[in-house]
2 protein chains.
Amino acid sequence: MPKELISRLEKFVTLTEADRRAVDSTFRHRRTTSAGRDVIQELGHADGVVVITEGFAGQFRVRDDGRRQIVAFFHPGDLIHFGSLAAENAVFGVTAFTPTVTSSIDVDGFLSLTTSSQSLARAFWHMAIEQLSIAREWLVDLGLGSAQQRLAHLFCEQHYRLEEIGRAAAGMVRLPLSQRDLGDTIGITNVHVNRTLQELRSAGLLSFDGIDLQIFDLKKLRQIAKFDPQYLQWRKLG
Amino acid sequence: MPKELISRLEKFVTLTEADRRAVDSTFRHRRTTSAGRDVIQELGHADGVVVITEGFAGQFRVRDDGRRQIVAFFHPGDLIHFGSLAAENAVFGVTAFTPTVTSSIDVDGFLSLTTSSQSLARAFWHMAIEQLSIAREWLVDLGLGSAQQRLAHLFCEQHYRLEEIGRAAAGMVRLPLSQRDLGDTIGITNVHVNRTLQELRSAGLLSFDGIDLQIFDLKKLRQIAKFDPQYLQWRKLG
DNA sequence: CGCGTGATTGACACGCTTCAACGTATGTGG
DNA sequence: CCACATACGTTGAAGCGTGTCAATCACGCG
């Protein structure tokens with residue numbers, strides 16, 4: 001089933017046919033979630049290691065006062081949850097921005113998978129470390145960037161990641177996020193997102209309508225964003 | 001050597017004597033770094049998986065304009081680098097706030113270690129996921145918190161983590177950070193850190209002199225910080 | 001057609017930054 | 001032992017980026 005996962009793993013290592021079959025036969029529990037629903041409930045009991053195979057989802061926390069912070073975006077092939085490998089309950093929820101398909105595996109099965117093949121172990125480690133790397137890059141962004149810079153950085157990263165998995169065409173990517181969603185990600189209000197978007201638009205850098213993002217001047221946008229994709233690049237190993 | 005690492009691993013799983021010996025014999029390359037120096041060079045070539053066994057260090061990025069963002073703090077037992085498990089070069093540096101001792105292991109050795117024992121695999125996975133969890137908690141903090149709340153949160157987390165490894169006594173922990181360091185962590189200027197510290201101090205919540213942090217009213221501080229240690233708590237497995 | 005959700009705009013308020021000055025402690029070389 | 005340098009902490013005043021509040025607009029849907 002999860003060919004999206006397999007091709008992601010092969011970003012990091014070369015898999016044998018046996019590796020591929022092993023992944024294919026263990027990630028079984030398939031589930032679909034419609035847009036607007038939660039794939040993982042915040043504070044809900046969530047077991048297993050979960051991968052997203054189709055759709056677009058975001059990891060978030062909601063505070064008592066209703067304010068929300070999005071801490072990650074997930075595209076096909078991304079691991080969205082590490083189940084009871086980690087805590088009993090999920091401390092972050094995951095919501096589906098589009099209809100989403102996920103596959104999961106229980107933790108013991110996951111550990112068997114990674115102990116049976118060093119290639120798989122290495123590949124899954126890479127995937128986790130990549131997420132850590134992305135989260136820390138976001139920290140740099142939130143800590144040092146202006147609203148404009150943060151928004152540009154977000155767009156650059158999503159564009160890069162979507163292109164990497166073959167979902168970008170001529171600078172165009174699908175990014176179905178409201179201005180509120182964007183604000184909840186980069187830590188500013190939806191009102192200010194609106195104004196900041198207008199700046200980027202009127203500078204001729206991009207167009208964005210809440211669904212599709214079209215980048216006209218990638219080089220300049222990356223400059224504004226101080227976006228250097230090194231944190232998303234890895235050497236592939238045997 | 002790395003008994004700090006072993007006791008950290010045992011936060012997550014019960015290790016066998018063989019597991020302990022395996023860890024003990026593989027993490028060998030011992031290195032010391034004096035305060036103020038970098039344990040890992042930003043953009044430098046850095047191989048191996050590295051654990052800190054003594055001291056206090058921070059992971060950071062410095063931008064062209066000289067501004068710095070600290071993205072993680074490391075205490076004894078923490079993994080501070082995943083070497084070529086990840087990218088060729090480190091995209092974040094790690095600097096020593098106190099004299100620091102680290103042990104490292106080459107990546108192949110690390111993978112052998114984790115494929116040889118499911119307990120060890122599970123424990124190391126937990127350690128990585130815990131770091132991911134912390135990074136995302138920081139994102140929530142930076143995205144939603146005021147200066148006061150962020151500073152309080154930082155203090156609460158460091159206190160919790162230090163207490164966990166037996167380095168807190170009666171609300172007192174060693175935290176040798178300048179006001180600039182604090183600001184570079186929570187994304188505000190050193191000037192504003194100063195003012196914010198005064199608020200917390202004059203509210204009778206804590207005292208801090210750049211070296212020692214003494215918390216007088218943990219409950220109220222956590223309330224201000226909206227600090228819930230759940231993201232640092234894990235169930236221990238056989 | 002009427003409603004709800006999201007986008008847009010304007011006016012005003014405020015938290016934090018910036019800049020600059022000054023204090024204090026520590027260390028160093030003459 | 002003093003002169004000086006350096007690093008960090010503290011304080012004040014002014015400016016700016018972003019938040020807040022509120023109104024209006026645009027669109028899709030039942």
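Proteins get letters first, then strands, A, B, ... in listed order; numbering begins at 1 in each.
When distances are taken from the side chain of A:Ile188 to each of C:dC16, D:dT18, D:dT11, the shortest belongs to D:dT18. Nearest to the side chain of B:His192, among D:dT10, C:dT8, C:dC16, sits C:dC16. Comparing D:dC21, D:dG12, D:dT18 against the side chain of B:Val191 picks out D:dG12 as the nearest. Out of C:dT8, C:dC16, D:dG9, the shortest distance to the side chain of A:Gln198 is found at C:dT8.
Atom pair A:Glu199:CD and C:dA7:C1' shows a separation of 16 Å (rounding to whole Å applied). Counting to the nearest Å, the P atom of C:dG15 and the CD atom of B:Gln149 are 15 Å from each other. Regarding B:Asn194, its CG atom lies at a distance of 13 Å from the P atom of C:dT17, rounded to whole Å. Rounded to whole Å, atom P of C:dT8 lies 5 Å from atom CZ of A:Arg201. We find that CG of B:Asp65 is positioned 14 Å from C1' of C:dT17, with the value rounded to whole Å.
Contact record, A:Val94 with A:Ile80: CG2-O, 4.0 Å, taken as the closest heavy-atom pair.
Aromatic ring pairs are classed by plane angle as parallel below 30°, tilted from 30° to 60° and perpendicular above 60°; the pair A:Phe97 and A:Phe56 is tilted. Taking the six-membered ring where tryptophan is involved, the planes of A:Phe124 and A:Phe27 are essentially parallel, since the angle between them stays under 30° and well short of 60°.
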Legend entry - side-chain contact (heavy atoms from CB on, under 4.5 Å) evaluation trace for A:Lys11 with A:Glu130: CA-CA 11 Å; A:Lys11 171 184 174 181; A:Glu130 187 180 43; 2.5 Å; yes

Inset, instruction - I would like to know whether B:Ile134 and B:Phe73 meet side-chain contact (heavy atoms from CB on, under 4.5 Å); could you show each step before the answer? - result: CA-CA 10 Å; B:Ile134 292 171; B:Phe73 287 123; over 6 Å; no

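Interface remark: the A:Arg195 side chain does form a donor-acceptor pair with the D:dT20 base, using a distance-only criterion of under 3.5 Å. In terms of polar N and O atoms assigned as donor or acceptor, the side chain of B:Arg180 never comes within less than 3.5 Å of the base of D:dG9 in a complementary pairing.
B:Arg67 comes within 4.0 angstrom of nothing in the nucleic acid, heavy atoms only. If you check every strand for non-hydrogen atoms under 4.0 Å, B:Gly187 touches sugar and phosphate atoms only. Backbone-only contact: B:Ser178 has heavy atoms under 4.0 Å from sugar-phosphate atoms and none from a base.
The side chain of B:Thr189 contributes an N or O atom lying less than 4.0 Å from OP1 or OP2 of C:dT17.
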